Novice: 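What follows is a single structure, and I will ask about it in a moment.
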Amino acid sequence: PIELPKDVFSKINWCNLNFGETSDRARKDMIEHWISVVYGPPLPTISVDASGNLAGDIDWSVFDKNLDRTPSHFTLLWSSPPPCKWPGGTAPSEDSPEFAAGFKTGLASLASHLASKGFGYRQWAFYPIDEPWNTGFTSIPHLKRFCRRVKDSDPNAQVYADPAGLVRVEYLEEFKGLIDIWQPEMNLLKRDPALLEWFHKNAKRLWAYEAPGPAKDLLPLGHYRAFAWFAIKFGLEGDGYWCYRGDENWYSTSETDYSSIYPSGDRIVASRRWEADRDGVEDYCAVHVLRREIEKARA
């Protein structure tokens with residue numbers, strides 16, 4: 001008899017646990033299939049004064065109601081800190097010291113509240129841009145400004161990125177110390193050993209992802225179960241793919257459908273792909289346990 005550890009593999013399928021979007025049945029299904037990285041609960045708006053300092057209590061009630069559905073080992077992602085409500089309803093320009101102060105106030109409020117709920121810095125991050133470098137360099141200046149703003153506000157706060165497309169080691173150098181959780185496209189790591197080496201040296205947490213389609217045509221064993229095997233091969237701590245729940249398409253369609261399940265109202269019907277994916281993650285966790293026991297035996 002053995003119990004596989006729940007906190008050694010991070011799995012993301014771009015979903016959330018929020019009331020109104022995720023039923024109790026879907027939440028149970030996600031957890032049973034090892035999802036452990038989700039979008040965080042909707043953030044409350046915070047009131048600040050003209051200088052960007054906190055001006056009033058923050059209502060965390062709705063946030064906490066959703067957070068209570070989140071297991072303690074999960075990692076949460078937000079696009080930015082809580083939005084600020086400024087006097088007069090007009091925010092200062094983003095390059096002003098007042099805006100920076102408001103950003104810092106929101107970040108500090110979120111970090112403090114999450115800590116009080118048992119979620120330390122390692123378990124949450126900001127996810128400002130999806131697939132940077134996938135459109136060349138158009139989003140990179142914005143990403144760098146955001147990263148610097150986060151680190152200037154709180155060096156312990158994490159930033160997440162899922163690079164795809166035009167990714168080279170020389171393009172990543174400027175983000176040393178600015179991005180903490182890296183989840184590059186798996187095919188990048190297969191093609192470029194230098195990229196894998198760079199990520200291992202510079203990532204606090206290293207995962208990989210893919211978003212190939214049509215998802216229903218990919219092999220349950222050859223692709224979905226084997227995906228976690230690549231995580232073992234490349235020394236990654238997690239993986240994921242788009243997505244958990246898509247349209248209610250029970251049959252093949254002319255549109256690309258990425259859903260791992262077949263939803264119908266409150267019902268959740270797993271695909272063979274979804275079950276094979278679970279087997280792959282369990283393979284990963286079993287290998288982790290085996291390696292741990294080997295270390296104990298050698299000691």
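When reading the values below, keep in mind they use all heavy atoms of this one structure, side chains included, and skip hydrogens, waters and symmetry mates. These numbers come from a predicted model, not from an experiment.
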Novice: For a salt bridge (Lys or Arg N to Asp or Glu O under 4.0 Å) check, start with the C-alpha distance between Lys201 and Glu197, then their side-chain angles and the critical distance, and finish with the verdict.
Specialist: CA-CA 6 Å; Lys201 287 181 179 179; Glu197 181 182 2; 3.3 Å; yes
Novice: With respect to Arg69, which candidate in Asn18, Asn16, Asp24 satisfies the side chain to side chain contact (heavy atoms under 4.5 Å, CB included) definition?
Specialist: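 When Asn18, Asn16, Asp24 are each tested with Arg69, the side chain to side chain contact (heavy atoms under 4.5 Å, CB included) holds only for Asp24.
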Novice: Fit a plane to each ring of Phe199 and Trp182, take the angle between them on a 0 to 90° scale, and name the class: parallel (under 30°), tilted (30 to 60°) or perpendicular (over 60°).
Specialist: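 Answer is tilted, since the angle falls between 30° and 60°.
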Novice: Using the side chain to side chain contact (heavy atoms under 4.5 Å, CB included) rule, take Thr70 and Phe119 through it: C-alpha gap first, then chi angles, then the decisive distance, then the call.
Specialist: CA-CA 10 Å; Thr70 308; Phe119 288 84; 4.0 Å; yes
Novice: Are the side chains of Trp34 and Leu4 in touch, meaning some heavy atoms are under 4.5 Å apart?
Specialist: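 Side-chain contact under 4.5 Å: yes.
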Novice: If Ile, Leu, Val, Met, Phe, Trp and Tyr residues are connected whenever their side-chain heavy atoms lie under 4.5 Å apart, and connections chain through other members, are Leu221 and Trp229 in the same group?
Specialist: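 No; tracing contacts between hydrophobic side chains, which count when under 4.5 Å, never links both residues.
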Novice: Going through the checks in order, is the side chain to side chain contact (heavy atoms under 4.5 Å, CB included) test met by Ile46 and Thr105?
Specialist: CA-CA 9 Å; Ile46 64 171; Thr105 298; 4.0 Å; yes
Novice: Listed by chain and number, what are the side chain to side chain contact (heavy atoms under 4.5 Å, CB included) partners of Lys144, not counting sequence neighbours?
Specialist: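 So Lys144 forms a side chain to side chain contact (heavy atoms under 4.5 Å, CB included) with Arg148, Glu174, Phe175, Leu178.
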Novice: Just by distance, no angles: are the side chains of Glu131 and Tyr209 close enough, under 3.5 Å, to form a donor-acceptor pair?
Specialist: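 On atom types as modelled, these side chains qualify, holding a pair under 3.5 Å.
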Novice: Please work out whether the ring planes of Tyr39 and Tyr127 are parallel, tilted or perpendicular, with thresholds of 30° and 60°.
Specialist: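 Aromatic pair Tyr39/Tyr127 classed parallel.
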Novice: Please tell me if the side chains of Arg122 and Lys204 come closer than 4.5 Å, counting only heavy atoms from C-beta onward.
Specialist: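 Result no, sub-4.5 Å side-chain heavy-atom pair not found.
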Novice: Are Tyr284 and Asp239 linked by a side-chain donor-acceptor pair shorter than 3.5 Å?
Specialist: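 Checked: Tyr284/Asp239 side chains show no N/O donor-acceptor pair below 3.5 Å.
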Novice: Is there a chain of hydrophobic side chains (I, L, V, M, F, W, Y, each step under 4.5 Å between heavy atoms) that links Val62 to Phe19?
Specialist: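 No, no single cluster joins them.
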Novice: Step by step, work out the side chain to side chain contact (heavy atoms under 4.5 Å, CB included) result for Val281 and Phe9.
Specialist: CA-CA 8 Å; Val281 176; Phe9 190 84; 3.6 Å; yes
Novice: If we count only N and O atoms by modelled type, under 3.5 Å, do the side chains of His33 and Asn13 hold a donor and an acceptor together?
Specialist: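 There is no such pair (donor and acceptor under 3.5 Å, judged by atom type) between the side chains of His33 and Asn13.
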Novice: Using side chain to side chain donor-acceptor pair (under 3.5 Å), reason through Tyr121 and Gln158 one step at a time and then give a plain yes or no.
Specialist: CA-CA 7 Å; Tyr121 281 108; Gln158 297 188 120; over 6 Å; no
Novice: For the residue pair Phe227 and Asp277, establish whether any side-chain heavy-atom pair is separated by less than 4.5 Å.
Specialist: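 No. Closest side-chain heavy atoms not under 4.5 Å.
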Novice: Hey, are the side chains of Pro163 and Glu185 touching, using non-hydrogen atoms and a 4.5 Å cut-off?
Specialist: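 No - every pair of side-chain heavy atoms lies 4.5 Å or more apart.
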Novice: Rounded to the nearest 0.5 Å, how far apart are CG of Leu196 and CE of Met186?
Specialist: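 If we round to the nearest 0.5 Å, Leu196:CG and Met186:CE are 10.0 Å apart.
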Novice: Without hydrogens or angle criteria, can the side chains of Arg205 and Ser10 be said to hold a donor-acceptor pair below 3.5 Å?
Specialist: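 Yes, a side-chain donor-acceptor pair sits under 3.5 Å.
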Novice: Which heavy atom of Ile35 sits nearest to which heavy atom of Phe74, and what is that distance?
Specialist: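 Ile35 and Phe74 have their closest heavy atoms at O-CZ, 2.9 Å.
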Novice: Okay, side chain of Ser36, backbone of Lys11: is any donor-acceptor separation there less than 3.5 Å?
Specialist: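 Yes, the answer is positive, given that a donor and an acceptor are paired below the 3.5 Å cut-off.
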Novice: With heavy-atom distances below 4.5 Å as the criterion, would you say the side chains of Asp162 and Asp130 are in contact?
Specialist: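 Touching, per the 4.5 Å side-chain cut-off.
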Novice: Roughly how far, to the nearest 0.5 Å, is SG of Cys243 from CH2 of Trp14?
Specialist: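 Trp14 atom CH2 to Cys243 atom SG measures 10.0 Å (nearest 0.5 Å).
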Novice: If you draw a 6.0 Å radius around NZ in Lys28, do more than 12 non-hydrogen atoms from other residues or ligands fall strictly inside?
Specialist: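 Counting neighbours around NZ of Lys28, 12 or fewer heavy atoms of other residues, nucleotides or ligands fall under 6.0 Å, so no.
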Novice: What heavy-atom pair brings Val48 and Ala55 nearest, and what distance separates the two atoms?
Specialist: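 Heavy atoms only, the tightest pair is C-CB, 3.7 Å.
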Novice: To the nearest 0.5 angstrom, please state how far the CG atom of Leu76 sits from the CG atom of Leu114.
Specialist: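 Output value for this atom pair is 7.0 Å.
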Novice: Would you call Trp60 and Leu67 a side-chain contact if the rule is heavy atoms closer than 4.5 Å?
Specialist: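 They are not in contact (no side-chain heavy atoms under 4.5 Å apart), so the answer is no.
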Novice: Identify whether the distance between the nearest side-chain nitrogen and carboxylate oxygen of Arg272 and Glu275 falls below 4.0 Å.
Specialist: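 No salt bridge links Arg272 with Glu275.
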Novice: Quick one: do the Ser51 and Asn53 side chains pair a donor with an acceptor below 3.5 Å?
Specialist: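 Per modelled atom types, Ser51 and Asn53 side chains form no pair under 3.5 Å.
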Novice: So for atom CD, which belongs to Glu173, do other residues, nucleotides or ligands contribute more than 12 heavy atoms lying within a distance under 6.0 Å?
Specialist: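 Yes.
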Novice: Treating Ile, Leu, Val, Met, Phe, Trp and Tyr as nodes and any side-chain heavy-atom pair under 4.5 angstrom as an edge, say whether Ile31 and Trp274 lie in one connected cluster.
Specialist: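 As far as the 4.5 Å side-chain criterion goes, Trp274 and Ile31 are connected within one cluster.
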Novice: For residues Leu172 and Asn202, determine if any side-chain heavy atom of one lies less than 4.5 Å from a side-chain heavy atom of the other.
Specialist: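 A side-chain contact under 4.5 Å is absent here.
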Novice: For the ring pair Tyr241 and Tyr258, is the centre-to-centre distance below 6.0 Å?
Specialist: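 Between Tyr241 and Tyr258, the centre distance exceeds or equals 6.0 Å.
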Novice: Has the side chain of Trp78 got a donor or acceptor atom that lies under 3.5 Å from a matching backbone atom of Pro41?
Specialist: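 It does hold such a pair.
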Novice: Return the CZ to OH distance between Arg273 and Tyr224, rounded to the nearest 0.5 Å.
Specialist: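 Rounded to the nearest 0.5 Å, the CZ-OH separation comes to 5.0 Å.
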Novice: Parallel, tilted or perpendicular: which fits the ring planes of His142 and Phe146, with parallel below 30° and perpendicular above 60°?
Specialist: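 If you compare the ring of His142 with that of Phe146, the planes turn out tilted.
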Novice: Any side-chain heavy atom of Ser109 sitting closer than 4.5 Å to one from Ser112?
Specialist: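 No, every pair of side-chain atoms sits at 4.5 Å or beyond.
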Novice: Looking only at heavy atoms, which two atoms of Gly106 and Pro81 are closest? And how far apart?
Specialist: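 Heavy-atom minimum between the residues: C-CB, 4.0 Å.
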Novice: Of all residues at least two apart in sequence or in a different chain, which pass the side-chain hydrogen bond (donor to acceptor under 3.5 Å, both in side chains) check with Ser61?
Specialist: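 With neighbours one apart ignored, the set is Asp59.
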Novice: Any side-chain donor-acceptor pair under 3.5 Å between Thr138 and Thr135?
Specialist: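 Note: Thr138 and Thr135 side chains meet the donor-acceptor criterion.
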Novice: Not counting sequence neighbours, which residues clear side chain to side chain contact (heavy atoms under 4.5 Å, CB included) with Ala26? List them please.
Specialist: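 Expected list: Thr22, Ser23, Tyr244, Ile268.
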Novice: Looking at every non-hydrogen atom in both residues, tell me the closest pair between His223 and Glu210 and how far apart they are.
Specialist: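 Closest approach of His223 to Glu210: CE1-OE1, 3.2 Å.
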Novice: Between Asp154 and Lys104, does any side-chain N to carboxylate O distance fall below 4.0 Å?
Specialist: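 Salt bridge absent between Asp154 and Lys104.
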Novice: As a quick check of understanding, evaluate salt bridge (Lys or Arg N to Asp or Glu O under 4.0 Å) for Lys296 and Glu293, giving each step before the final call.
Specialist: CA-CA 5 Å; Lys296 289 180 181 179; Glu293 294 304 314; 3.6 Å; yes
